[in-house]
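Everything below concerns the one structure shown next.
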Number of protein chains: 2
Amino acid sequence: MSAHIALTQNEIDALARLEERNRTLKRGSVLRRSSDSGNELFVLRKGCMMTYVILGDGARQILRFHFPGDMLGLSSILYEEAPETICALSECVVCPFEKSGLSELVETHPRLAAMILVYGQIERIALTDRLAALGRTSAKARVGSLLLELRNRLRAADREIGDSFALGLTQEEIGDATGLTAVHVNRMLRQLEEEGMIARTGGRVTIRDEIALTAASNYVDRHRGLDLAWLPKGR
Amino acid sequence: MSAHIALTQNEIDALARLEERNRTLKRGSVLRRSSDSGNELFVLRKGCMMTYVILGDGARQILRFHFPGDMLGLSSILYEEAPETICALSECVVCPFEKSGLSELVETHPRLAAMILVYGQIERIALTDRLAALGRTSAKARVGSLLLELRNRLRAADREIGDSFALGLTQEEIGDATGLTAVHVNRMLRQLEEEGMIARTGGRVTIRDEIALTAASNYVDRHRGLDLAWLPKGR
DNA sequence: CGAACTATTGATGCGTTTCAAGACGCGTGG
DNA sequence: CCACGCGTCTTGAAACGCATCAATAGTTCG
């Protein structure tokens with residue numbers, strides 16, 4: 001959060017209090033199942049996670065991926081039954097806290113609550129980008145923009161990451177995120193590779209021609225170009 | 001908002017202050033164009049609007065529909081350039097106010113700011129439902145769930161509305177919302193009609209078998225089953 | 001009354017899915 | 001240490017859903 005606004009010491013302390021407890025998760029373990037009652041929220045400290053829904057016919061749609069610093073489960077606390085399942089994609093550490101912790105934050109640090117609102121909006125815009133991708137772009141573009149998004153989010157968490165990164169997803173998971181079958185994801189990856197935009201070796205992907213890939217994918221990075229100067233000053 | 005929590009007189013006054021100014025819009029007029037700089041927010045008081053993006057190849061994806069009581073343009077104020085275009089679907093009345101009005105609200109009425117956060121989350125969940133629909137359901141299901149969503153939102157604004165309502169959308173607009181072509185939307189509407197789930201008579205749609213349509217569409221109404229008891233008490 | 005948009009319907013083609021089979025990698029237990 | 005099983009990746013062939021193209025009828029509005 002401190003990347004976007006200057007936090008006061010009070011605010012830093014309040015945020016630290018939310019991260020007092022820790023829980024570790026193995027790849028594949030479910031943090032919250034759809035239709036659980038969700039009274040807890042989480043901050044993801046380490047690792048990658050995803051949220052998905054399972055439709056009536058068993059098909060899975062991955063809704064979003066989460067990276068360190070993200071707040072998890074905010075949507076679940078609005079409903080008696082969680083609408084989504086949250087699941088670990090790698091070894092993860094999360095910090096659970098109660099709904100009431102958020103409620104207190106609203107009263108004692110309204111500016112932080114506003115920042116959470118802002119992050120919700122950023123996520124919402126990222127969702128609209130994906131919506132447009134699913135509705136109106138080709139399979140190749142969807143796979144391409146997913147690769148770019150993953151790379152950028154991983155890089156935001158770890159400045160060391162350049163054009164090459166460990167994918168950490170199966171092709172079936174890529175398919176469930178992009179609305180494609182695993183088989184077709186495989187073909188699209190091969191095609192992107194044949195066209196020189198990416199390279200693959202073992203679980204790693206290298207982006208070889210970012211400009212061409214960005215153009216072919218209609219990709220927009222929504223974590224750039226933020227303007228938060230209108231928020232109240234810190235106290 | 002008063003439908004979900006008990007507002008204090010102070011809070012009601014603060015909200016009324018946001019709605020002091022009025023602007024009317026004709027069908028088709030654009031309230032904010034993508035890449036405009038957006039310093040204003042709006043409350044939609046009357047009519048229906050939509051938000052969309054135009055992709056590089058000219059294709060349009062409608063992201064969401066707006067109904068009376070919705071706050072518009074929240075996502076635009078995060079960026080120097082608005083990511084989306086907002087456009088009137090019918091005769092509309094909107095109440096514009098400055099970003100700074102929201103900022104003040106955060107400081108003086110944190111609970112209202114929290115409610116705005118909550119509405120953002122509801123919209124976000126509605127977006128994830130549509131994402132799942134675009135990624136993993138058939139054309140017929142997408143059209144069906146759009147019809148159900150429109151009916152429910154219109155009914156929330158006007159209790160008089162039963163199973164029959166004025167669509168107010170062209171088939172091309174339905175297609176741009178569901179990721180289909182206008183031609184295919186037409187075929188799906190006819191199919192739903194032939195199967196007895198809906199009836200159509202010039203501009204109006206009647207839902208004849210809501211249970212079958214809901215089942216065929218994987219539809220979930222996200223404005224039901226809210227649990228907001230965790231919010232701070234009003235003062 | 002004409003122009004422009006909207007709805008409807010048919011024929012054809014393409015992109016993606018489905019089905020199927022084999023290769024590769026990896027962990028487990030004998 | 002090897003054999004086995006299971007999950008993932010890869011590739012081909014065929015089928016299907018939706019898009020595209022095209023032509024006509026209906027509707028709305030100046």
Side-chain angles (χ1 to χ4, degrees), chain A residues 26-28 55 57-62 87 89-91 133-144 146-147 166-195 198-205 216-218, chain B residues 26-29 50 55 57-62 87-91 133-144 146-147 166-195 198-205 216-217:
Chain A
K26 288 201 288 275
R27 164 161 172 106
L55 302 186
D57 61 353
R60 177 174 70 172
Q61 176 68 49
I62 295 177
C87 173
L89 280 167
S90 62
E91 198 80 2
L134 287 199
R136 290 296 185 210
T137 73
S138 68
K140 209 202 295 188
R142 292 185 229 169
V143 173
L146 180 59
L147 293 178
L167 192 42
L169 296 176
T170 66
Q171 292 178 1
E172 187 171 2
E173 285 162 347
I174 297 175
D176 286 344
T178 53
L180 301 168
T181 58
V183 173
H184 206 60
V185 168
N186 183 288
R187 291 191 231 272
M188 292 303 102
L189 286 172
R190 183 160 52 83
Q191 218 173 309
L192 288 171
E193 193 169 22
E194 277 168 7
E195 292 169 7
I198 66 170
R200 292 182 298 157
T201 48
R204 295 187 71 82
V205 171
S217 308
N218 264 122
Chain B
K26 287 202 289 274
R27 165 164 170 102
S29 61
M50 63 176 170
L55 301 186
D57 59 355
R60 176 174 71 170
Q61 175 69 48
I62 295 177
C87 173
L89 281 166
S90 62
E91 198 80 3
L134 286 198
R136 289 296 185 213
T137 73
S138 68
K140 208 202 296 185
R142 291 184 229 170
V143 173
L146 179 60
L147 292 179
L167 193 44
L169 296 177
T170 67
Q171 291 179 2
E172 186 171 4
E173 284 161 349
I174 298 175
D176 286 345
T178 53
L180 301 168
T181 58
V183 174
H184 207 62
V185 168
N186 184 289
R187 291 192 229 273
M188 293 301 103
L189 287 172
R190 184 161 51 84
Q191 218 173 308
L192 288 171
E193 194 168 21
E194 278 168 6
E195 292 169 7
I198 65 169
R200 292 181 298 157
T201 47
R204 294 188 71 80
V205 172
S217 309

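Residue numbering restarts at 1 for every chain, and letters A, B, ... go by the order of the sequence lines.
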Contacts of A:R136 and A:T170 projected onto DNA chain D by closest heavy atom; the upstream (5') one is A:T170

Donor-acceptor pair, side chain of B:R27 and main chain of B:L89, under 3.5 angstrom: yes

Protein-nucleotide distance (B:R142, atom CZ; D:dG17, atom C1'), rounded to Å: 10 Å

Take atom CD of B:Q171 and atom C1' of C:dA7, then tell me their distance rounded to the nearest Å. 5 Å

Would you mind reading off the distance between B:E173 atom CD and C:dT6 atom P, rounded to a whole angstrom? 7 Å

To check you understand the geometry: which heavy-atom pair defines the closest contact between B:D57 and B:A59, and what is its length? OD1-N, 3.1 Å

Nearest whole angstrom, please: distance from the P of C:dA7 to the CZ of B:R200. 9 Å

Flag side-chain contact, heavy atom, 4.5 Å: A:L189 against A:V205: no

Starting at CG of A:D57 and ending at P of C:dT17, how long is that distance when rounded to a whole Å? 14 Å

Drop me the distance from A:L192's CG to A:S217's OG, to the nearest 0.5 angstrom. 7.0 Å

Would you check if the side chain of B:R136 reaches a backbone N or O of A:L180 as a donor-acceptor pair within less than 3.5 Å? yes

Using a 4.5 Å cut-off on heavy atoms from C-beta on, say whether the side chain of A:D176 contacts that of A:Q61. no

Interatomic distance, A:L89 CG vs D:dT8 P [rounded to whole Å]: 12 Å

Mind listing the residues from residues 179-195 of chain B sitting with a heavy atom below 4.0 Å of DNA chain D? Number order is fine. B:G179, B:L180, B:T181, B:V183, B:H184, B:R187

Would you kindly give the CG-to-P distance between A:L167 and D:dC9, to the nearest whole Å? 9 Å

How would nucleotides 25-30 of chain D be written as a contact map, 5' to 3', with B for base contact, S for sugar-phosphate-only contact and - for no contact, using protein heavy atoms under 4.0 Å? ------

